[in-house]
There are 4 protein chains.
Amino acid sequence: MRKKDDEKEKSIKEAVIKLILQEGFHGTSISKIAKVAGVSPATVYIYFENKEVMLQDIYSEYSEEIFEYLLNRVNQEMRGRQLIEVLVKSYYNYIREHKEIFSFVEQFSTCPSLAGSCRVEIKGINNINNLIAEMKNNQVIRDYSNDNLLAIIFYPVKAIAVNNHKSESERAVLLQEMIQIIQDALLI
Amino acid sequence: MRKKDDEKEKSIKEAVIKLILQEGFHGTSISKIAKVAGVSPATVYIYFENKEVMLQDIYSEYSEEIFEYLLNRVNQEMRGRQLIEVLVKSYYNYIREHKEIFSFVEQFSTCPSLAGSCRVEIKGINNINNLIAEMKNNQVIRDYSNDNLLAIIFYPVKAIAVNNHKSESERAVLLQEMIQIIQDALLI
Amino acid sequence: MRKKDDEKEKSIKEAVIKLILQEGFHGTSISKIAKVAGVSPATVYIYFENKEVMLQDIYSEYSEEIFEYLLNRVNQEMRGRQLIEVLVKSYYNYIREHKEIFSFVEQFSTCPSLAGSCRVEIKGINNINNLIAEMKNNQVIRDYSNDNLLAIIFYPVKAIAVNNHKSESERAVLLQEMIQIIQDALLI
Amino acid sequence: MRKKDDEKEKSIKEAVIKLILQEGFHGTSISKIAKVAGVSPATVYIYFENKEVMLQDIYSEYSEEIFEYLLNRVNQEMRGRQLIEVLVKSYYNYIREHKEIFSFVEQFSTCPSLAGSCRVEIKGINNINNLIAEMKNNQVIRDYSNDNLLAIIFYPVKAIAVNNHKSESERAVLLQEMIQIIQDALLI
DNA sequence: CATGAATGAGGTTTCATTCAT
DNA sequence: AATGAATGAAACCTCATTCAT
């Protein structure tokens, strides 16, 4: 019984993610979601209070996922050089492997009317922050502010990951160079 | 016959930009646009074929504007260090001074269903590319690929500019540090 | 869940028929139909995919009805003279008794942009065709082509039935004479 | 100057006729008409008071045209047999040669909301009526009522003319047989 | 006379949501 | 819990017509 429920909720969430990529937030309606998820429109309202809450719930869930993904690929034994490489590469890989989720999260967070009324993003980012802070303490990376360190590590790689004008191998070359740039900039 | 009214077209565009920031792409309807612009909904269709074309037209126009803005603040006499500072600062200033336009462009370009069927962005970005290429030729900045140079110069600063958790002065400190990081990373 | 309401579908169809007579195909809007049928405009779209399909569905249904009507008034024991009389009179009566339906069907079938994309009319007309063929086999009526026999039996009577310049009794006289003419022309 | 006007009026009328065939009465808007006619929507209102009057004007003009066409092909020296043949054939030819006009007139006259408020059809039909009356006086055709004679002569041939399931040559055979049937039915 | 701009009204259709089963 | 039916509101867009030049 519980199992059934979880599957329905999951299929609704997946339908949303899929449709938002294909059709954007506008163009993604409850009835389309229901059709793709294989349920009735009324069923959506059993799992989510309304459309806005539904989108926020899904955003909350998936916007944390990336941090778990990153933390799972990092461990205590890695030194600075390797750690930067793994963080940048993992972020790149996550985007490429989860295009739909990444697109949903990006669309949601660039839309003030959606993201504005939504308070999340605290747990996951904190863990990453702690990781960075520890590296600074250990004098592995330079003593820049955490915000800037995160910005340097995670923002430029987005530009590579979403560039569909380039081939996979071209992007790989860019990624390697980018890792080098970031390592040189941040490591002591 | 009456002449097509430039003021009307302008006020429609401004209404779109304004509403997209406040309400997002979903939630910005033709009738709301018409109301804000002070015209009839039917009038919108005199200036734009349909809603999609309207958004694409506006995107085409404003996505170029940022490049003009940057190029206007740069000149031949600037050496590498100053040039990086001006580019990063100008981009930051543009975002802060044109929040509505920046939000529109970001929302549009992160939405595949909108940006996908829209081929633009060639003139402006080329001029910036030439600027960067020249700097490499003059052995002012390191010989990294253009894509990565642009990514390093323009992406991390976004993170600072859109961070509304910080005060204006806190952001200024971050920006100054970020400029330093980028200069150190790119200048020979 | 609620069951689809046959009453509702019927009242929508009747509203269409009624409005098309009063206002023509132009001038018959979904919202008018909904108002006359006592439902919401959105409800119409539960029963019909869109306006065009709705009109075609209704046409398909009613364009067959006339043939059933005719066949119900005919039987095996009737000989040629009587059969022609019954066919002509019944067609006349059908038109007079079902002015709205007849008007709908006529308007629909004279409008190429509607009728063009609509393939129907096969079952009913076939039964009439068989009836005519049998009469020819039995050497009751002359050996003209089926198309022409149908044209002679059913087309001139339309002219009488739609002639509102004449009184009911005048039309009755015309009808009687017309039956005579057709009998003389077709019977051996 | 006058010449110019007449041409514009003519091109508007032709645009209406053309569009009504292609798109039906619904689907034929003033702006489409203007586009096809190569004029401004406002210009249409110089030549016609409004849309309804325009359609009625065009109907009045073209619904008479058929009678002129028929009368031009008939002369005093023709005897009954030939006269019936010429009338039936000419009507058939008119329909095939002027499909657009015929379709317009049929659609208009089968639509009560259009035809109802339109009083015309007097001159042309009278001449045909006189022709028929004369034939009865000369004891060439039987003494049936004029209404029925017209119905027999002109209605069945419509069925042949609009039958696009048949080839041109098949229709020719049907037409010849139909003429024979009508001659036998009406001639003394 | 002729026009493209302009518009209020209304077109078809879809929306997010609720109802009744 | 789950559903398809039902709907008022609103979406996009076009209409017939008038205005200003």
Side-chain angles (χ1 to χ4, degrees), chain A residues 1-2 4-5 8-9 12 26-35 37-55, chain B residues 1-9 26-34 38-54, chain C residues 1-6 8-9 26-34 38-54, chain D residues 1-2 4-5 8-9 26-35 37-55:
Chain A
M1 194 64 79
R2 175 78 67 77
K4 184 99 170 292
D5 298 352
K8 276 217 173 76
E9 183 167 345
I12 291 171
H26 66 288
T28 295
S29 70
I30 296 286
S31 62
K32 281 185 194 168
I33 291 164
K35 209 162 286 169
V39 301
S40 158
T43 304
V44 176
Y45 287 85
I46 294 168
Y47 294 91
F48 303 96
E49 193 184 327
N50 57 40
K51 197 186 179 187
E52 195 178 353
V53 167
M54 179 184 71
L55 294 176
Chain B
M1 65 129 174
R2 241 177 288 176
K3 278 277 171 60
K4 223 181 251 188
D5 192 340
D6 279 357
E7 285 301 316
K8 266 192 184 114
E9 182 164 351
H26 68 288
T28 295
S29 70
I30 296 285
S31 60
K32 282 185 195 169
I33 292 165
V39 300
S40 155
T43 302
V44 175
Y45 289 88
I46 292 168
Y47 293 89
F48 303 97
E49 195 182 325
N50 57 42
K51 196 188 183 187
E52 196 179 351
V53 166
M54 181 184 70
Chain C
M1 62 127 177
R2 242 177 285 178
K3 279 274 172 61
K4 224 181 250 188
D5 190 340
D6 279 356
K8 265 191 185 113
E9 182 165 350
H26 68 289
T28 295
S29 70
I30 296 285
S31 59
K32 282 185 195 168
I33 292 165
V39 300
S40 155
T43 304
V44 176
Y45 287 86
I46 293 168
Y47 293 89
F48 302 96
E49 196 183 323
N50 56 43
K51 197 187 182 187
E52 195 179 352
V53 166
M54 181 186 69
Chain D
M1 194 63 80
R2 174 80 63 80
K4 184 99 170 291
D5 298 351
K8 275 213 173 81
E9 184 167 345
H26 66 288
T28 295
S29 68
I30 296 285
S31 61
K32 281 185 194 168
I33 292 165
K35 211 163 282 170
V39 301
S40 158
T43 303
V44 175
Y45 287 85
I46 293 168
Y47 294 92
F48 302 96
E49 193 184 327
N50 58 39
K51 197 188 182 186
E52 197 179 351
V53 167
M54 180 185 69
L55 294 176

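Letters A, B, ... mirror the listed sequences (proteins, then strands); counts begin at 1. Computed from heavy atoms alone, side chains included, the values below leave out hydrogens, waters and symmetry copies.
- Within the 4.0 Å cut-off from OP1 or OP2 of E:dG10, not a single side-chain nitrogen or oxygen of C:S29 is found.
- Between A:N50 atom CG and E:dC15 atom P there is a gap of 17 Å when expressed in whole angstrom units.
- If you take CD1 of C:I33 and P of E:dG10, they are 16 Å apart, rounded to a whole angstrom.
- Both B:G38 and A:A42 lie near DNA chain E, and the one whose nearest nucleotide falls closer to the 5' end is B:G38.
- When heavy atoms are screened at a 4.0 angstrom cut-off, C:Y47 is found touching the sugar-phosphate backbone but no base atom.
- Between E:dT18, F:dC12, F:dC15, one nucleotide has an atom nearer to the side chain of B:Y45 than all others, and that is F:dC12.
- Minimum heavy-atom separation, B:T28 to B:K51: O-NZ, 2.8 Å.
- Whole-Å rounding puts the D:H26 NE2 to F:dT14 P distance at 16 Å.
- For A:M54 and E:dC15, the CE to P distance is 13 Å, given to the nearest whole Å.
- Nucleotides of DNA chain F nearest to B:E52 and C:P41 differ in position, and the one nearer the 5' end is that of C:P41.
- Checking E:dA5, F:dT7, E:dT13 against every side-chain atom of B:I46, the shortest atom distance belongs to E:dA5.
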For the pair B:I33 and B:M54, evaluate side chain to side chain contact (heavy atoms under 4.5 Å, CB included) and give the outcome as yes or no after the intermediate values. CA-CA 11 Å; B:I33 292 165; B:M54 181 184 70; 3.7 Å; yes

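- Projected onto DNA chain E by closest heavy-atom contact, B:V39 and A:I30 fall at different nucleotides, the more 5' of which corresponds to B:V39.
- Taking every heavy atom of both residues into account, C:A34 and C:S40 meet most closely at CB-C, 3.8 Å.
- In this structure, A:K8 does not reach the F:dA1 phosphate: none of its side-chain N or O atoms is under 4.0 Å from OP1 or OP2.
- With rounding to whole Å, D:E49 atom CD is found 13 Å from F:dA16 atom C1'.
- Nucleic acid contact class of C:T43 (heavy atoms, under 4.0 Å, all strands): base.
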How does DNA chain E read in dot-bracket, base by base from 5' to 3', with Watson-Crick or G-U pairs under 3.5 Å and | used when the partner is on another strand? .||||||||||||||||||||

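- Considering only side-chain N and O atoms, C:S31 lies under 4.0 angstrom from the phosphate OP1 or OP2 of E:dG11.
- When the P atom of E:dG11 is taken as reference, atom NZ of C:K51 falls 9 Å away, rounded to whole Å.
- The two atoms that bring A:N50 and A:V53 nearest to each other are OD1-N, 2.9 Å, heavy atoms only.
- We find that NZ of A:K35 is positioned 11 Å from C1' of E:dT14, with the value rounded to whole Å.
- With hydrogens and angles ignored, a donor-acceptor pair closer than 3.5 Å exists between the side chain of A:S40 and the base of F:dG4.
- Whole-Å rounding puts the A:I12 CD1 to F:dA1 C1' distance at 12 Å.
- For the atom pair NZ (D:K35) and OG (D:S29), the distance works out to 8.0 Å, reported to the nearest 0.5 Å.
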